[in-house]
Chemist: 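The following block contains the structure, expressed as structure tokens.
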Amino acid sequence: MTNNLNIIILAAGKGTRMKSEKLKVLHPLAGKAIIDHVLDTAKLLNPNKIIMVYGHQGEQLKKYLEHENVVWVEQNNPQGTGHAVQLAAPFVDKNSSVLILVGDAPLIEFDDLQKLTQYKQAVLTAEMQNPFGYGRIIKNSENQIEAIVEEKDASQQQKQISEINSGIILAESENLQSWIQQIDNNNAQGEYYLTDVIGLGFKNNQPFSAVTVRDNRSIKGINDRVQLSECETILQTKYRKHLMLSGVSMPHPKTVEIRGQLTCGQDIEIDTGVILEGNNEIADNVSIGAYSIIKNCKLGKNTRIAPHSMLENVITKGDCDIGPFARLRPGTVIGEKAKVGNFVETKKTTIGYNSKASHLTYLGDSEIGDNVNIGAGTITCNYDGVNKFKTIIEDDVFIGSDTQLVAPVTVGKGATIGAGTTLTKNAESGKLTLSRARQKTIDGWQKPKKQ
Ligand code: UD1
Ligand code: CA
């Protein structure tokens with residue numbers, strides 16, 4: 001055990017089987033890139049240093065992770081995992097413990113890695129029913145690891161071994177630096193194998209221990225989009241289970257997708273087909289209707305969202321009704337007892353206590369007070385084609401249907417706006433304002449006759 005942990009992440013693989021312009025480890029998985037999963041788990045171990053080995057299309061990776069504190073090592077001509085570590089080894093701290101992870105195995109669990117780091121030198125292994133393709137763990141009669149043999153180099157007898165190398169190993173820095181220079185590429189693949197270091201450990205009387213992974217699924221690697229979707233399923237199943245056990249009901253959990261962080265209270269109901277993206281905070285007794293998408297929202301206690309609603313960067317203060325078919329865009333704040341109904345779109349808009357916009361409305365850049373009623377078809381004309389302007393609607397206002405509020409404009413407290421008004425000047429409080437051609441009836445008018 002050491003208090004100076006260094007982590008090397010191998011991410012120079014080509015990822016050819018993804019059939020993509022995008023670097024393999026940048027493909028999204030449960031709301032973040034594959035590499036983020038590895039990096040986030042690595043950071044939980046509090047390493048002194050993270051060294052990232054990058055190669056093919058590596059500029060994409062550097063750009064994506066530019067805010068991360070990692071040491072970049074380029075491997076532009078990948079010749080195997082051993083070659084990658086040869087390049088990284090000079091950057092490793094003296095007297096450190098070096099944990100080597102792979103960038104394309106994103107399900108790796110903190111608990112397993114933490115257990116591994118309790119050892120001086122160890123390999124994370126797994127018992128596989130079908131070990132085909134993996135490096136096999138060769139042990140002597142005293143149960144010490146003598147070597148790891150790759151599938152392509154293994155004898156028929158060695159291929160029978162079901163204990164395999166996860167690809168993740170821990171070594172002492174000085175040993176690693178010395179042994180990694182001693183490996184060669186005289187093997188079936190003509191590659192430098194990192195795994196040969198394990199054999200050198202045994203020969204130098206410092207054998208590696210085998211630490212068995214708790215759940216074989218957590219070492220799953222991603223080479224193609226089928227495996228990517230399998231990893232997605234594994235993660236989603238885990239997230240949903242966690243949510244259900246903490247007080248969230250999901251009648252059809254398999255249809256619910258969690259793409260990011262979620263803080264949840266109790267007695268929450270999430271219906272079929274809901275997608276939760278980014279950072280969401282959901283308080284007690286919230287219900288989210290079928291096929292709604294909730295992104296970066298803070299939903300207060302007793303918020304009810306009816307089906308097919310889409311909310312992004314929205315705050316609800318509690319006990320309110322949204323949807324069905326509501327689209328609440330960033331900067332929307334919904335007060336208590338408020339209602340935003342079907343085909344209502346909001347953006348940078350605050351809706352006060354007990355205020356309602358029940359149907360077919362656009363409210364942008366607006367501040368709406370308490371007890372306001374907004375009629376169907378109301379539109380804030382917030383944009384003149386160049387600049388955006390604000391609409392202020394004070395408390396107790398009644399806006400008749402089919403009203404256009406040409407911003408900047410203010411409707412004073414208690415005002416009523418007649419249906420069909422195009423409001424271009426402020427409306428005085430307590431009064432009825434309307435702009436409408438007077439209705440007339442033409443007496444004696446005759447329907448034209450067909451000629
Ligand atoms: C490796 C192990 C094998 C283990 C398996 C687990 C070796 C020699 N073999 O085999 O024992 O059972 O993982 O999945 O280590 N990489 C580089 N540079 C390179 C080559 C690879 O950065 O030159 C990276 C890849 O991007 C990948 C990781 O290292 O993330 C593993 O490489 P890969 O070629 O998939 O190794 P395997 O042959 O699967
Ligand atoms: Ca692999």
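Atoms considered below: every heavy atom in the structure, side chains included; atoms not considered: hydrogens, waters and symmetry mates. Not measured: the values here are computed from a predicted model. Counting convention: from 1, in listed order, for ligands and their atoms alike.
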Chemist: Does ligand 1 have any atom sitting under 4.0 Å from a heavy atom of Ala11?
Modeler: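 Distance cut 4.0 Å: Ala11 passes for ligand 1.
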Chemist: For ligand 1, indicate whether the residue Glu191 contacts it via side chain, backbone, both or neither (heavy-atom separation under 4.0 Å).
Modeler: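 For Glu191, there is no contact with ligand 1 at all, from either part.
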Chemist: Within the structure, is a non-hydrogen atom of His83 found at a distance of less than 4.0 Å from ligand 1?
Modeler: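 Flag not set, His83 not near ligand 1.
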Chemist: Taking the six-membered ring of Tyr353 as reference, does the NZ or CZ atom of Lys337 fall below 6.0 Å from its centre and within a 45° cone about the axis?
Modeler: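 Cation-pi check for Lys337 and Tyr353: fails.
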Chemist: Do any nitrogen or oxygen atoms of Ala84 lie less than 3.5 angstrom from nitrogen or oxygen atoms of ligand 1?
Modeler: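 No, there is no polar N/O contact under 3.5 Å.
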Chemist: At less than 4.0 angstrom from any non-hydrogen atom of Tyr193, what atoms of ligand 1 do you find?
Modeler: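 Listed by number with element, the hits are 8 (C).
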Chemist: Taking atom 19 (C) of ligand 1 as the point of reference, which of Gly80, Pro131, Gly221, Gly135 owns the nearest heavy atom?
Modeler: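 Residue with the shortest heavy-atom distance to the ligand atom: Gly80.
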Chemist: Does Asn165, backbone or side chain, put an N or O under 3.5 Å from an N or O of ligand 1?
Modeler: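 By distance alone, the answer is yes.
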Chemist: Nearest non-hydrogen contact with atom 8 (C) of ligand 1 belongs to which option: Ile34, Thr81, Leu10?
Modeler: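 The nearest heavy atom belongs to Thr81.
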Chemist: Please determine whether side chain to side chain contact (heavy atoms under 4.5 Å, CB included) holds for the pair Val211 and Val123, giving the CA-CA distance in whole Å, both sets of side-chain angles, and the decisive distance to 0.1 Å.
Modeler: CA-CA 6 Å; Val211 175; Val123 182; over 6 Å; no
Chemist: Check this for me - ligand 1, Pro78, N or O atoms closer than 3.5 angstrom, yes or no?
Modeler: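 No: no nitrogen or oxygen of Pro78 is under 3.5 Å from one in ligand 1.
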Chemist: Give a yes/no on ligand 1: does Ile164 have at least one heavy atom closer than 4.0 angstrom to it?
Modeler: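 It does not, in that no heavy atom of Ile164 comes within the 4.0 Å cut-off of ligand 1.
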Chemist: Measuring from atom CD1 of Ile334 to atom SG of Cys297, what distance do you get when rounded to the nearest 0.5 angstrom?
Modeler: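 If we round to the nearest 0.5 Å, Ile334:CD1 and Cys297:SG are 10.0 Å apart.
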Chemist: Got a second to check how far Asn285's CG is from Leu299's CG, nearest 0.5 Å?
Modeler: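 Here the interatomic distance stands at 13.0 Å.
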Chemist: NZ/Lys159 to CG/Asp153 distance, rounded to the nearest 0.5 angstrom?
Modeler: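 It is 9.5 Å, given to the nearest 0.5 Å.
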Chemist: For ligand 1, is there an N or O atom under 3.5 Å from any N or O atom of Glu150?
Modeler: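 Right, the criterion is met.
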Chemist: Can you find an N/O atom of Asp104 closer than 3.5 Å to an N/O atom of ligand 1?
Modeler: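 Looking only at distances, the answer is yes, because the N/O contact criterion of under 3.5 Å is met.
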Chemist: Would one find an N or O of Leu194, backbone or side chain, under 3.5 Å from an N or O of ligand 1?
Modeler: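 Among all N and O atoms of Leu194, none is under 3.5 Å from an N or O of ligand 1.
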Chemist: Between Asn279, Val333, Ile315, Thr316, which is the residue that forms a side chain to side chain contact (heavy atoms under 4.5 Å, CB included) with Lys298?
Modeler: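 Checked Asn279, Val333, Ile315, Thr316 against Lys298; only one passes side chain to side chain contact (heavy atoms under 4.5 Å, CB included): Ile315.
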Chemist: Can we say Glu146 and Lys203 salt-bridge, meaning some charged N sits less than 4.0 Å from an Asp/Glu carboxylate O?
Modeler: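 Result for this pair is no, no salt bridge flagged.
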Chemist: Could you tell me the separation between the CZ atom of Phe208 and the OG1 atom of Thr125, rounded to the nearest 0.5 Å?
Modeler: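 If we round to the nearest 0.5 Å, Phe208:CZ and Thr125:OG1 are 13.5 Å apart.
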Chemist: Applying a strict 4.0 Å limit to heavy atoms, is Val53 in contact with ligand 1?
Modeler: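 Contact check Val53 vs ligand 1: negative.
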Chemist: State, yes or no, whether a side-chain contact exists between Leu39 and Glu68 at a heavy-atom distance under 4.5 Å.
Modeler: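 Side-chain contact under 4.5 Å: yes.
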